Novice: 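Let me begin by handing over the structure; questions about it come next.
Nothing here was measured: the structure is a model prediction, and the numbers come from that model.
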Amino acid sequence: MSDSAEQTQPTDADDRATVEKEKDDPPAPLFILYKSGEEFSEAQESLMMWVNGLLIPVYAREVSSAAPWCPRWWEHTEAVAQLYGLWMAWQEQTGARAPLVGPAMWHRDFLTPVMNSLRDPGGPFAGCKEGRHQPKRPPIVETP
């Protein structure tokens with residue numbers, strides 16, 4: 001075997017370093033739709049605090065038929081999924097290690113598309129009004 005081939009082969013020390021690094025790294029965040037039980041409840045509670053404490057007071061505009069919002073948004077699985085993703089992006093783009101342009105990127109790349117999707121007249125809150133939640137029924141899927 002040539003010297004150059006030997007240099008590209010991983011060593012036992014490299015393998016041990018990789019295993020040690022994986023032990024030290026925290027696990028990747030688990031998306032809320034994959035959580036269950038107490039783990040889901042804790043994630044939903046954290047999300048509710050962020051949505052009700054920051055997102056709605058700062059970014060939720062007036063409710064209208066053209067821009068609905070459900071007072072029980074947490075009962076819409078699609079909304080929970082989108083808002084959780086938005087919250088995860090918020091943490092990434094506005095945290096201590098975020099780039100200086102992080103907040104601007106969050107507004108442009110995450111906030112605007114998610115809020116437009118959620119508040120679309122045909123979106124997950126269609127039919128919901130102030131003080132009234134309208135549950136959504138999924139489309140019927142026929143088996144071939």
Novice: Measure the shortest side-chain to side-chain distance between Trp106 and Trp90 over non-hydrogen atoms and say whether it is less than 4.5 angstrom.
Specialist: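 Yes - at least one pair of side-chain heavy atoms lies under 4.5 Å apart.
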
Novice: Do Ile32 and Met88 make a side-chain contact, defined as non-hydrogen atoms from C-beta onward lying under 4.5 Å apart?
Specialist: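 No, every pair of side-chain atoms sits at 4.5 Å or beyond.
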
Novice: Honestly curious: do Val114 and Leu33 fall in one hydrophobic cluster under the side-chain, below-4.5 Å linking rule?
Specialist: yes

Novice: Can you list the residues that meet the side-chain hydrogen bond (donor to acceptor under 3.5 Å, both in side chains) rule with Asn52, with sequence neighbours excluded?
Specialist: Trp73

Novice: Within the supplied structure, the quantity of interest is the number of heavy atoms (other residues, nucleotides, ligands) at a distance under 6.0 Å from Gln134 CD; does it exceed 12?
Specialist: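 Yes, enclosed.
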
Novice: What's the shortest heavy-atom distance between Pro71 and Gly131, and which atoms?
Specialist: CG-N, 3.7 Å

Novice: Flag yes if Met49 and Leu83 sit in one hydrophobic cluster, no otherwise; membership is Ile, Leu, Val, Met, Phe, Trp, Tyr, and two members link when side-chain heavy atoms are under 4.5 Å apart.
Specialist: no

Novice: Is the shortest side-chain heavy-atom distance between Pro68 and Lys129 below 4.5 Å?
Specialist: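 Pro68 does not reach Lys129 side chain to side chain.
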
Novice: Checking Glu130 against Cys70 for the side chain to side chain contact (heavy atoms under 4.5 Å, CB included) test, could you report, in this order, the C-alpha distance in whole Å, the side-chain angles of both residues, the deciding distance, and whether it holds?
Specialist: CA-CA 7 Å; Glu130 257 185 77; Cys70 185; over 6 Å; no

Novice: Please examine the side chains of Gln93 and Val101, heavy atoms only from C-beta on, and report whether any two atoms are closer than 4.5 Å.
Specialist: no

Novice: Suppose we screen for side-chain hydrogen bond (donor to acceptor under 3.5 Å, both in side chains). Which residues come up paired with His107, at least two apart in sequence or across chains?
Specialist: Tyr59

Novice: Tell me whether Arg61 at atom CZ has more than 12 heavy atoms from other residues, nucleotides or ligands lying less than 6.0 Å away.
Specialist: no

Novice: In terms of heavy-atom contacts, does CE of Met48 have more than 12 from other residues, nucleotides or ligands at under 6.0 Å?
Specialist: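 Enclosed.
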
Novice: To the nearest 0.5 angstrom, please state how far the CD atom of Glu45 sits from the OG atom of Ser41.
Specialist: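 Taking CD in Glu45 and OG in Ser41, the distance rounds to 8.5 Å.
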
Novice: Using the ring of each side chain (for Trp, its six-membered ring), is Trp87 parallel, tilted or perpendicular to Trp50, with breaks at 30° and 60°?
Specialist: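 If you compare the ring of Trp87 with that of Trp50, the planes turn out tilted.
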
Novice: With sequence neighbours left out, what residues match Gln91 under side-chain hydrogen bond (donor to acceptor under 3.5 Å, both in side chains)?
Specialist: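 Result, side-chain hydrogen bond (donor to acceptor under 3.5 Å, both in side chains) vs Gln91: none returned.
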
Novice: Report yes if the side chains of Pro103 and Arg108 come closer than 4.5 Å at any heavy-atom pair, otherwise no.
Specialist: no

Novice: Look at the side chain of Arg119 and the backbone N and O of Phe125, then say whether any donor-acceptor pair between them is shorter than 3.5 Å.
Specialist: no

Novice: For a quick test of reading the model, state the closest non-hydrogen atom pair linking Pro121 to Ala126 and the distance between them.
Specialist: O-CB, 3.1 Å

Novice: When the ring planes of His133 and His76 are compared, do they come out parallel, tilted or perpendicular, using 30° and 60° as the limits?
Specialist: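 His133 vs His76 ring planes: perpendicular.
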
Novice: Would you check if Met115 and Trp69 make a side-chain contact, meaning some heavy-atom pair closer than 4.5 Å?
Specialist: yes

Novice: Can a donor-acceptor pair be found, under 3.5 Å and without considering hydrogens, that links the side chain of Ser46 to the backbone of Glu42?
Specialist: yes

Novice: Let me see the working for Glu39 and Leu30 under side chain to side chain contact (heavy atoms under 4.5 Å, CB included), right down to the final yes or no.
Specialist: CA-CA 10 Å; Glu39 192 177 33; Leu30 192 57; 4.1 Å; yes

Novice: Just so I know, are the side chains of Leu86 and Val51 near enough to count as touching, which here means a heavy-atom distance under 4.5 Å?
Specialist: no

